[in-house]
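A short worksheet on the structure shown next.
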2 protein chains.
Amino acid sequence: MTNKPYHHGNLRNSLIEAGIKLINQEGTRQFSLRKVAVLCGVSHAAPYSHFKNKEELLKAMQDHVREQLMELLENTIQSCSNSNSPYLLVQMGKSYVMFFIKNPHYFPFLCSQLCMEINLSMDDDGTKNFPPFELFKTTAFHVLREMGLPEDKLKDTIISMFATVHGLASITTMKNVHYDEDWETKIEDIIWNK
Amino acid sequence: MTNKPYHHGNLRNSLIEAGIKLINQEGTRQFSLRKVAVLCGVSHAAPYSHFKNKEELLKAMQDHVREQLMELLENTIQSCSNSNSPYLLVQMGKSYVMFFIKNPHYFPFLCSQLCMEINLSMDDDGTKNFPPFELFKTTAFHVLREMGLPEDKLKDTIISMFATVHGLASITTMKNVHYDEDWETKIEDIIWNK
DNA sequence: AGGCTAAACTTGACACTGTAAAGATAATCA
DNA sequence: TGATTATCTTTACAGTGTCAAGTTTAGCCT
């Protein structure tokens, strides 16, 4: 019927989107290059015109998802009236956790120890760092200083706060967890509890 | 030379041990049934005499590693003089994190969202639960009550504490993290910071 | 002791994976 | 227009999980 053109036209982006959709539906484990190719109506080797290998496509997909998360966190900062209040940090934490609760497969996909790089050393050297953590770190530095937290406690406090939020995301995206309660406020309580 | 007997004799356990060694050296991604079979000097289909499929072997391996972690946590409880002190919880947290720092590949392997079941609902129903969390929960309930923490804050506090420790394990087992500092005491500080 | 049964293992096959090489098509640019 | 080059297809191969059928042997029963 529809005479498919030989050239797809927008294959690179299509592969990224189809790949993410696949992760969302079947999880990281079920992901395969050939499935994604089929989803895009293209031969199994076509992806190699746009990505060096499977790993490179996965990285591009992670970039895309990570950017969504970054947008969410930046919006959270924007829409917070008082940018010096500790309330902002709680809101960022809530956004972070809710992002993964809404798409549980994103967590192991985006935060797999294999590829994730995180820099806890607080010095702002040029070391590559997980952007959401970098953003949280910068914001928290500002907020906590304004609150009058002693300088020598800043670093540990920030790591501790991020660990709590990140761990909460890890735990709430597991198998047996059910979201029958009002998680939005629940998460807020748990983070405040610090 | 050495005429291998047709029957391995202890294949089930050998597969589990060889599998764990493989995870430790090459990571979860590189794990394969056939590699483990070769490591045990046995044909590629031999594992199917002892495990229904790959997934079942992985589960048995996880059981084994999880038991190691449980032993460590139980020892930590035993060797703590004052079993009512919040210091005990910090020590448990430290043991938890150090366990994974010493074997980074264990974290994604043992805590992969795919198979891990965790029950945050605090009610002691018969629901399957991640044993290390169950142990931490029980201990923390006791300790925090003794400390006089109000009853309605117990649940959130325990989840928050475990999230911090678990998140810290997640973060410290990532790619770019270097352990040039004295992590043993560092981790202690971060947990105390709560 | 001798033989039967069932467990433990091997062999061979199949479908599915990632990836490389070589060829086909079509868009772009001189 | 014609050549170049990016994009896609086809074919091929090694590695994977899994199953079915055959082989070996341990252990039990009479």
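FYI, side chains are in, hydrogens and waters are out, and symmetry mates aren't considered; it's all heavy atoms of this structure. Reminder, nothing fancy here: chain letters follow the sequence lines and each chain counts from 1.
What separates CG of L22(A) from P of dT17(C) is a distance of 10 Å, to the nearest Å. Atom pair F51(A):CZ and dC8(D):P shows a separation of 11 Å (rounding to whole Å applied).
By the side chain to side chain donor-acceptor pair (under 3.5 Å) test, S95(A) pairs with T76(A), sequence neighbours left out. When the salt bridge (charged side-chain N to carboxylate O under 4.0 Å, His left out) test is applied to R145(A), the partners found at least two apart in sequence or on another chain are E151(A). The side-chain contact (heavy atoms from CB on, under 4.5 Å) search around M70(B) returns E74(B), P131(B), P132(B), L135(B), not counting sequence neighbours. With sequence neighbours excluded, no residue forms a salt bridge (charged side-chain N to carboxylate O under 4.0 Å, His left out) with E67(B). Checked against side chain to side chain donor-acceptor pair (under 3.5 Å), S79(B) has no partners two or more places apart in sequence or in another chain. Among residues two or more places apart in sequence or in another chain, the side chain to side chain donor-acceptor pair (under 3.5 Å) test is passed with S32(A) by none.
One finds no side-chain N or O of H50(A) lying less than 4.0 angstrom from the OP1 or OP2 phosphate oxygen of dA6(D). The shortest distance between the side-chain N/O atoms of S49(A) and the OP1/OP2 oxygens of dT7(D) is not below 4.0 Å.
Across every non-hydrogen atom of Q62(A) and S112(A), the tightest pair is NE2-OG, 4.5 Å.
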Side-chain donor-acceptor pairs under 3.5 Å in residues 13-26 of chain A, sequence neighbours left out?
from: N13(A); atom 1: ND2; to: N10(A); atom 2: OD1; distance (Å): 3.2
from: S14(A); atom 1: OG; to: N10(A); atom 2: O; distance (Å): 3.0
from: N24(A); atom 1: OD1; to: N103(A); atom 2: ND2; distance (Å): 3.2
from: N24(A); atom 1: ND2; to: Y106(A); atom 2: OH; distance (Å): 3.0
from: E26(A); atom 1: OE1; to: K35(A); atom 2: NZ; distance (Å): 3.4

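For the contact set between residues 11-18 of chain A and DNA chain D, defined by any heavy atom under 4.0 Å, the members are L11(A).
For residues 88-111 of chain B, the set of pairs meeting the salt bridge (charged side-chain N to carboxylate O under 4.0 Å, His left out) definition, not counting sequence neighbours, comprises K94(B)-E184(B), K94(B)-E188(B). For the salt bridge (charged side-chain N to carboxylate O under 4.0 Å, His left out) condition, no pair includes a residue of residues 39-52 of chain B, sequence neighbours left out.
The end-to-end axis angle of the helix from dA1(C)-dT30(D) to dA30(C)-dT1(D), rounded to 10 degrees and based on five pairs per end, is 0°.
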Per-nucleotide protein contact string for nucleotides 11-20 of chain D, where B marks a base within reach and S marks sugar-phosphate only (heavy atoms under 4.0 Å, - for neither): BB---BBBB-
